[in-house]
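Inspection log for the structure reproduced underneath, given as structure tokens.
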Amino acid sequence: MGESAEIGVSDVILIGMLGMFFLALGVVLFFLVYQRRLLKQQKEHQQKEAEYQQQLLRANLLSQEKERNRIGKDLHDEVGAMLTTSKLYFRHLAQNAPKEKFTELKDKVFDLLEGTIASVRRVSHDLRPVVLETLGLEEAVANIRDQLNASGEVQMVFESDWKGVMTKEYQLNWYRIIQELVNNTLKHANANRIAIHMSGNGDQLKLSYNDNGIGMASGKHEPGLGLSNIESRLSLMNGELIFNETEKGISIELTSEITKDTQKDD
């Protein structure tokens, strides 16, 4: 009886030890599996982040190339053509030419040079709008509003209670972002109303953008070149873009950080 009791206790101890062993083994295996899964998720996240950064970089490069092509085309088609024509007129500006003919050619050359200056001014204005350079971001956006409203096709409302300052680089980034949003609405949204509200303080700038167009298919916010450009500029300012659910049109919230380094130009 005593021997069988000792055997029973030994069995219980052995079973208990085996149980603890398998429990410990299970915990170790669970930890290893969990670690492997976590590592896999981290790698997938890093890969997605790298792909996203490559996408932004590609969009940025494409945007720069597109801008260079546009400037080159403007200079070639407008400025180049007018200077070439002016050169031809100059060849016929002989001092011994009849006065009437001389005056006619001189006036044509003068008009061509005036047109050339205007074209160069327009190209320069497109590179960095004068109103942005002289009056700042809010006035530059108000200028877009006034031009758009004057067309009579689209009504744009712009309100701002932004309190703060930022560098010219940040102002240009935000100006280009707003231009891109407005262009997208004009090209694709079939909207007749745009509303922009700019707010924030010295630490953050927040922009709400809404239109009453056809909007996007539910859940389809795949970045085209325009949207990628916007995200690329926002990433340079530690900003983000969020699409809000809306019954009609689009509703977007954009934000960027404003730090001491981005408040004043060097």
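Atom set for the values below is all heavy atoms of this structure, side chains included, hydrogens, waters and symmetry mates excluded.
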What do the steps show when you test Leu83 against Leu112 for side-chain contact (heavy atoms from CB on, under 4.5 Å), and what is the final call? CA-CA 7 Å; Leu83 288 176; Leu112 283 169; over 6 Å; no

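- Checked options Asn192, Asn190, Thr246, Thr185; the residue passing with Asp211 is Thr185 (criterion: side chain to side chain donor-acceptor pair (under 3.5 Å)).
- Side chain of Asn149 to main chain of Met156: a donor-acceptor pair is present (N/O by atom type, distance under 3.5 Å, no hydrogens or angles).
- Across every non-hydrogen atom of Leu113 and Ser86, the tightest pair is CD2-OG, 4.3 Å.
- Under a 4.0 Å N-O distance rule, the pair Glu133/Lys168 qualifies as a salt bridge.
- When every heavy atom of Leu205 is checked against every heavy atom of Leu137, the shortest pair comes out as CD1-CD2, 4.5 Å.
- Residues Glu253 and Asn244 are in side-chain contact: their nearest non-hydrogen atoms beyond the backbone lie under 4.5 Å apart.
- For the pair Ile242/Thr255, no side-chain contact is recorded, criterion being any heavy-atom separation below 4.5 Å from C-beta on.
- Within 6.0 Å of the CD atom in Gln35, the count of heavy atoms belonging to other residues, nucleotides or ligands exceeds 12.
- For the residue pair Tyr209 and Ser251, no side-chain donor N or O sits within less than 3.5 Å of a side-chain acceptor on the partner.
- Between Leu135 and Glu139, the closest heavy-atom pair is CB-CB, 3.6 Å.
- A salt bridge links Lys108 to Glu104: at least one charged side-chain nitrogen sits closer than 4.0 Å to a carboxylate oxygen.
- Here the closest non-hydrogen pair linking Gly213 and Lys248 is O-CG, 3.5 Å.
- Pairing each heavy atom of Ile258 with each of Trp162, the nearest pair is CG1-CH2, 3.9 Å.
- Contact detail for Ser160 and His197: the closest heavy-atom pair is N-CD2, 4.3 Å.
- A donor-acceptor pair shorter than 3.5 Å cannot be found between the side chains of Asn212 and Arg193.
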Are Ile250 and Asn210 close enough, and set up right, to give a side-chain contact (heavy atoms from CB on, under 4.5 Å), and what steps lead you there? CA-CA 6 Å; Ile250 61 169; Asn210 299 272; over 6 Å; no

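- By the criterion of side-chain heavy atoms lying less than 4.5 angstrom apart, applied directly or through intervening Ile, Leu, Val, Met, Phe, Trp or Tyr residues, Ile178 is grouped together with Phe243 in one hydrophobic cluster.
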